[in-house]
A.B. asks: 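The structure under discussion is supplied below as structure tokens; questions concerning it will follow.
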Amino acid sequence: MSNAEIGLIGLGTMGAALALNIADNGFGIAVWNRTTEKTTAFVDDAGPLANKITPTQTLKELVAAIKIPRAIILMVPAGQAVDDQIAALRPLLDDDDMIIDAGNANFHDTNRRAQEASDLPFLGIGVSGGEEGARFGPSIMGGGSQAYWDRVAHILTAISAKHEGAPCATWMGEEGAGHFVKAVHNGIEYADMQMIAEVYGVMRDGLGLDSAAIGDTFAKWDTGPLRSYLVEISGKVATTVDPKTGKPMLDVIVDAAGQKGTGRWTAIEAQHLAAPIPAIEAAVVARNLSSQRDARAAGEDLFGAAPRHMAHDVMPLETLEEALIAGKIIAYAQGFDMIEKASDEFGWALPLPAIAEVWRQGCIIRSDMLDDMATALRENPERNLMMAPRFADTLKKTHGALRQVVAQGALHGIAMPALSSGLAYFDAMRTARGTANMIQGQRDFFGAHGFERIDGGTGQHGPWGD
Ligand code: NAP
């Protein structure tokens with residue numbers, strides 16, 4: 001019986017939600033999970049959607065249940081599990097059958113798998129939006145041959161989030177392009193979350209606001225230029241009360257952030273590409289630093305807690321809001337710049353405006369601002385996003401607030417790694433004559449590396465003497 005339009009392996013959080021989404025959109029789907037009881041429970045809980053779902057107990061049964069040419073989605077942990085599943089599936093498949101890795105693969109692995117598959121259909125797609133997104137409409141970033149993408153695009157666009165009717169599912173480019181774009185999405189997500197956490201720190205430690213007031217502030221910001229999923233949920237997190245203690249949830253959560261590695265991959269890849277993304281890197285570093293709780297407590301004992309408390313008139317909430325607007329633009333500009341560099345390096349022709357468009361709905365960084373970013377990237381394809389007129393105008397109005405927040409943070413001992421490195425990036429990017437002439441002088445002094453003179457001539461050396 002080969003009736004299902006598509007197959008799926010891995011009924012964990014994301015796989016189960018994605019399978020229900022596919023069924024909900026009218027496509028028959030065959031599913032298989034390593035632990036069979038999970039497959040049974042999944043179909044039992046699927047309600048009326050169960051008649052679109054074919055549960056299978058072996059990979060052979062799964063393959064037999066799917067229409068030819070087959071397409072099978074893998075939703076298992078990145079790494080060895082993906083290679084193992086591909087190895088187990090391939091002998092059961094025909095030459096035209098396609099494997100789609102929809103997990104958070106490292107794009108280098110996706111490049112390798114696409115090359116190993118040679119002319120066997122293989123796609124690597126980035127799926128963002130968490131469980132809720134996977135169930136009701138994720139943002140989907142496709143990578144692999146466009147012909148393979150076209151074979152399943154009708155299913156992937158149908159299940160994706162929609163922005164004013166436009167599907168948030170796009171083919172990004174060959175091989176690992178989709179997983180690369182997803183990794184940068186996650187890097188930007190790290191920076192966005194970290195900057196929100198930093199302004200939360202100013203409100204809590206600098207201004208002494210309670211969680212309810214902080215939540216109300218985020219809720220208010222969510223009606224203005226910062227309107228976004230992350231600001232919205234930050235407000236909800238801040239106002240939620242712990243049923244066990246009656247305290248705000250934020251007060252009972254340990255201040256050590258987890259991570260699964262995609263932010264780190266982005267930071268490492270940025271170094272390989274020589275792409276400057278300091279706000280994103282600072283956000284990854286901040287997560288690493290957050291986990292050093294004992295060392296931080298020892299530091300507070302040794303050096304004393306910073307004064308932190310600041311007068312309300314040095315830090316109006318409007319200034320904080322503007323600083324977050326500026327920081328966000330700067331972080332996104334870095335992410336898009338990295339995508340552009342990778343596009344050149346890997347010969348991908350990544351569609352920057354279309355990337356901003358697929359991020360407008362469904363994914364974790366969805367926001368109103370991304371709509372403007374898509375327009376700006378379309379209107380000014382050659383420019384750093386910060387310098388596209390509509391964002392340059394906003395930055396001209398808001399970078400003073402960012403400076404004020406970072407300066408007050410420094411004076412009061414409130415760490416702001418992402419906002420302060422964002423400000424440094426902004427200042428560096430508006431300094432026509434920087435200070436690397438000193439670096440070049442030093443390099444030539446100790447290593448005879450040579451430099452370029454401003455009045456002409458490369459490979460020059462200084463008369464340094466001894
Ligand atoms: P999960 O809830 O832990 O589920 C993992 C699934 O993979 C389970 O069905 C598990 O089967 C199966 N699995 C684990 N190891 C396996 C192996 N060696 N061979 C075969 N199957 C194996 O994970 P998840 O959150 O759904 O994540 C799945 C993928 O989506 C990951 O790549 C993740 O990075 C990515 N992703 C997750 C999110 C998110 O918000 N969670 C968002 C975007 C992307 P058993 O039931 O037998 O254990």
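What you see is a predicted model; the values in this text were computed from it and never measured. Remember, it's 1-based here, ligands and their atoms both numbered in the order they're listed.
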A.B. asks: When you check the gap from the basic side-chain N to the acidic O, do Glu300 and Arg296 get nearer than 4.0 Å?
C.D. replies: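 Salt bridge between Glu300 and Arg296, a charged N being under 4.0 Å from a carboxylate O: no.
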A.B. asks: Can you say whether the rings of Phe336 and Trp359 are parallel (under 30°), tilted (30 to 60°) or perpendicular (over 60°)?
C.D. replies: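 Phe336 and Trp359: tilted rings.
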A.B. asks: Closest non-hydrogen protein atom to atom 6 (C) of ligand 1, residue and atom name please, with distance?
C.D. replies: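 Of every protein heavy atom, Met75 O, 3.8 Å lies nearest to atom 6 (C) of ligand 1.
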A.B. asks: Compile the donor-acceptor pairs under 3.5 Å between side chains in residues 116-124 and protein atoms, sequence neighbours left out, one pair per line.
C.D. replies:
residue	atom	partner	partner atom	Å
Glu116	OE1	Arg112	NH1	3.3
Glu116	OE2	Arg112	NH1	3.4

A.B. asks: Please say whether Lys182 places an N or O atom under 3.5 Å from an N or O atom belonging to ligand 1.
C.D. replies: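 Such a contact does not occur with ligand 1.
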A.B. asks: Given that the side chain starts at C-beta and the backbone is N, CA, C, O, which of these parts of Met14 lies under 4.0 Å from ligand 1, counting heavy atoms, or is it both or neither?
C.D. replies: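 It is both backbone and side chain that touch ligand 1.
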A.B. asks: Can you find a protein heavy atom closer to atom 11 (O) of ligand 1 than 4.0 Å?
C.D. replies: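 So atom 11 (O) of ligand 1 has protein heavy-atom neighbours under 4.0 Å.
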A.B. asks: In terms of ring plane angle, is the pair Phe180 and Trp348 parallel, tilted or perpendicular, where the classes change at 30° and 60°?
C.D. replies: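 Ring orientation of Phe180 relative to Trp348: tilted.
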A.B. asks: Ignoring hydrogens, tell whether any protein atom lies closer than 4.0 Å to atom 19 (N) of ligand 1; use the non-hydrogen atoms only.
C.D. replies: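 For atom 19 (N) of ligand 1 the answer is yes, since some protein heavy atom falls inside 4.0 Å.
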A.B. asks: To which protein heavy atom is atom 35 (C) of ligand 1 closest, and what is the distance rounded to 0.1 Å?
C.D. replies: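 Checked against all protein heavy atoms, atom 35 (C) of ligand 1 sits closest to Asn104 N, 3.7 Å.
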A.B. asks: Would you say ligand 1 has an N or O under 3.5 Å from any N or O of Val127?
C.D. replies: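 No; every N/O pair is 3.5 Å or more apart.
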A.B. asks: Flag the pair Phe346 / Phe107 as yes when their ring centroid distance falls below 6.0 Å, and as no otherwise.
C.D. replies: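 Phe346 vs Phe107: aromatic centres under 6.0 Å.
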A.B. asks: Examine Ala81 against ligand 1 and note whether any of their N/O atoms are separated by less than 3.5 Å.
C.D. replies: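 No, no N or O pair falls under 3.5 Å.
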